[in-house]
Amino acid sequence: MRRIGLIGGMSWESTAEYYRLANRLVADRLGGYHSADLVLRSVDFAPVEDQQQRGAWDESARLLADAARELEAAGAECVALCTNTMHLVADEIASAVNVPFVHLIDVVAEAVRAGGVEQVGLLGTGFTMDQPFYREHLERHGLRVHLPSAQERELVHRVIYDELVHGVVREESRAAYSRVIGGMVEAGAEGVVLGCTEIELLVGPGDSPVPVFPTTRLHVEALVDWALR
């Protein structure tokens, strides 16, 4: 088994899910007492959130590139970033290390295409939905991306930062997300990317009339596939 390096803490709620899923998948595949061989560098989210608000992406890039180098020094044989939004600086992180960087958006796009979906709705933080990096990365895989309206994007973002990153899951927020998904489906979306790791704490297949693509689970499955290859 090869060693996985995880950059987490953004937020720790979703990073805990990465850790749980990685160990569960390894145990399921290898049986016995097996668990994942991994190292985790969990950063303090407060400075990162401040950098997001200020648009100081260069500061975030330096911080997360340093974290990647620390993982490599600790023996990680690949590096993964446990957050969708901060893939905005994925290129800087990947170039900071000599081991493979397992890019979440590539993994998700491949899963969407494998599911026979060509038009996909995107839910995520305001940064993920408003900035072009995520949409353009999906489009490079031949996908057409649908976004919620500006007002709906504000709601989706608020629920993530005011509720989900603090471990708060509300039924009214689940219903609101379901309505947002319905609007994108009416616009032509054949599937929905849950493009924020915390959204999987709130939304599942039963909340959408079309397939959902849970980025955390898909990313972890790809990491475990790599580690056990």
Side-chain angles (χ1 to χ4, degrees), residues 1-10 12-42 64 67-87 89-91 93-118 120 122-124 128 133-134 137-143 190-201 203-205 211-229:
M1 189 187 324
R2 292 186 285 185
R3 182 170 297 165
I4 300 168
L6 300 177
I7 306 173
M10 300 162 285
W12 69 263
E13 290 281 352
S14 61
T15 304
E17 187 69 359
Y18 264 83
Y19 183 81
R20 185 189 71 81
L21 284 171
N23 283 289
R24 173 52 56 201
L25 287 171
V26 170
D28 288 346
R29 296 187 190 185
L30 297 184
Y33 296 102
H34 284 288
S35 56
D37 184 349
L38 57 82
V39 288
L40 168 64
R41 174 66 170 91
S42 187
L64 299 180
R69 283 188 281 265
E70 291 172 12
L71 289 173
E72 185 175 19
E77 297 172 83
C78 79
V79 170
L81 182 60
C82 305
T83 161
N84 284 263
T85 295
M86 297 315 298
H87 273 74
V89 296
D91 289 346
I93 298 169
S95 65
V97 292
N98 297 307
V99 296
F101 178 79
V102 182
H103 200 297
L104 180 151
I105 309 177
D106 285 334
V107 169
V108 172
E110 289 166 6
V112 172
R113 294 303 302 267
V117 171
E118 296 182 353
V120 69
L122 174 62
L123 294 178
T128 294
F133 76 100
Y134 208 108
H137 206 105
L138 291 174
E139 289 172 345
R140 286 198 289 274
H141 285 265
L143 299 171
E190 303 160 330
V192 177
V193 171
L194 306 183
C196 174
T197 47
E198 287 85 8
I199 291 178
E200 288 162 66
L201 304 175
V203 173
V212 296
F213 294 90
T215 57
T216 299
R217 175 169 286 278
L218 291 169
H219 200 197
V220 174
E221 287 174 350
L223 290 166
V224 171
D225 286 345
W226 177 89
L228 299 181
R229 190 176 304 148

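Using a 3.5 Å distance cut-off with no hydrogens or angles, the side chains of Thr197 and Thr83 do not pair a donor with an acceptor.
Separation of atoms CG (Leu138) and CD1 (Ile105) is listed at 6.5 Å; rounding is to 0.5 Å. Taking CD1 from Ile4 and OH from Tyr19, the interatomic distance works out to 11.5 Å, rounded to the nearest 0.5 Å. The line from CG of Leu38 to CG of Asn23 is 6.0 Å long, rounded to the nearest 0.5 Å. Between the CG atom in Asp37 and the CZ atom in Arg2 there is a gap of 11.5 Å [rounded to 0.5 Å]. In this structure, Phe213 CZ and Glu110 CD are separated by 12.5 Å, a value rounded to the nearest 0.5 Å. Taken from OH in Tyr134 to CG in Asn84, the straight-line distance is 4.0 Å, to the nearest 0.5 Å.
Heavy-atom minimum distance, Gly8 versus Cys82: CA-CB, 4.2 Å. Residues Gly124 and Cys196 approach most closely at CA-CB, 4.0 Å, considering heavy atoms. Counting all heavy atoms, side chain and backbone alike, Ala68 lies closest to Ile93 at CB-CG2, 3.8 Å. Nearest heavy-atom pair, Cys78 versus Val99, reported as atom, atom and distance to 0.1 Å: CA-CG2, 4.0 Å. Across all their heavy atoms, Gly9 and Ser42 have their closest contact at CA-OG, 3.4 Å. The heavy-atom pair separating Ser35 from Met1 by the smallest distance is O-CE, 3.4 Å.
Put simply, the side chain of Leu81 does not reach to within 4.5 Å of the side chain of Leu104, judged on heavy atoms. Looking only at side-chain heavy atoms (C-beta outward), Leu6 and Thr15 stay at 4.5 Å or farther from each other. Taking 4.5 Å as the limit, every side-chain heavy atom of Glu221 sits out of range of all side-chain heavy atoms of Leu21. In this structure, the side chains of Ile7 and Met86 stay at 4.5 Å or more apart for every pair of heavy atoms.
Under a cut-off of 6.0 angstrom, the local environment of CH2 in Trp226 is crowded, with over 12 non-hydrogen atoms contributed by other residues, nucleotides or ligands. The environment of Arg29 atom CZ is dense: over 12 non-hydrogen atoms of other residues, nucleotides or ligands sit within 6.0 angstrom. Heavy-atom contacts from other residues, nucleotides or ligands closer than 6.0 Å to CD of Glu118 number 12 or fewer.
Judged by distance alone, the side chain of Ser14 and the main-chain N or O of Glu198 form no donor-acceptor pair under 3.5 Å. Under a 3.5 Å cut-off, the side chain of Arg41 and the backbone N or O of Glu70 do not form any donor-acceptor pair. Between the side chain of Thr85 and the backbone N or O of Thr128 there is no donor-acceptor pair closer than 3.5 Å. Although no hydrogens or angles enter the test, the distance criterion places a donor-acceptor pair under 3.5 Å between the side chain of His219 and the main chain of Val102. Using modelled atom types, one side-chain atom of Glu200 and one backbone atom of Thr216 make a donor-acceptor pair closer than 3.5 Å. Judged by distance alone, the side chain of Arg3 and the main-chain N or O of Val39 form no donor-acceptor pair under 3.5 Å.
Ionic pairing of Asp28 and Arg24 is present here: one or more N-O contacts between side-chain nitrogen and carboxylate oxygen are shorter than 4.0 angstrom. Contact check on Glu17 versus Arg20 returns a salt bridge, with a Lys/Arg side-chain nitrogen under 4.0 Å from an Asp/Glu carboxylate oxygen.
Using the six-membered ring where Trp is involved, His87 and Phe101 have ring planes that are tilted, between 30° and 60° apart.
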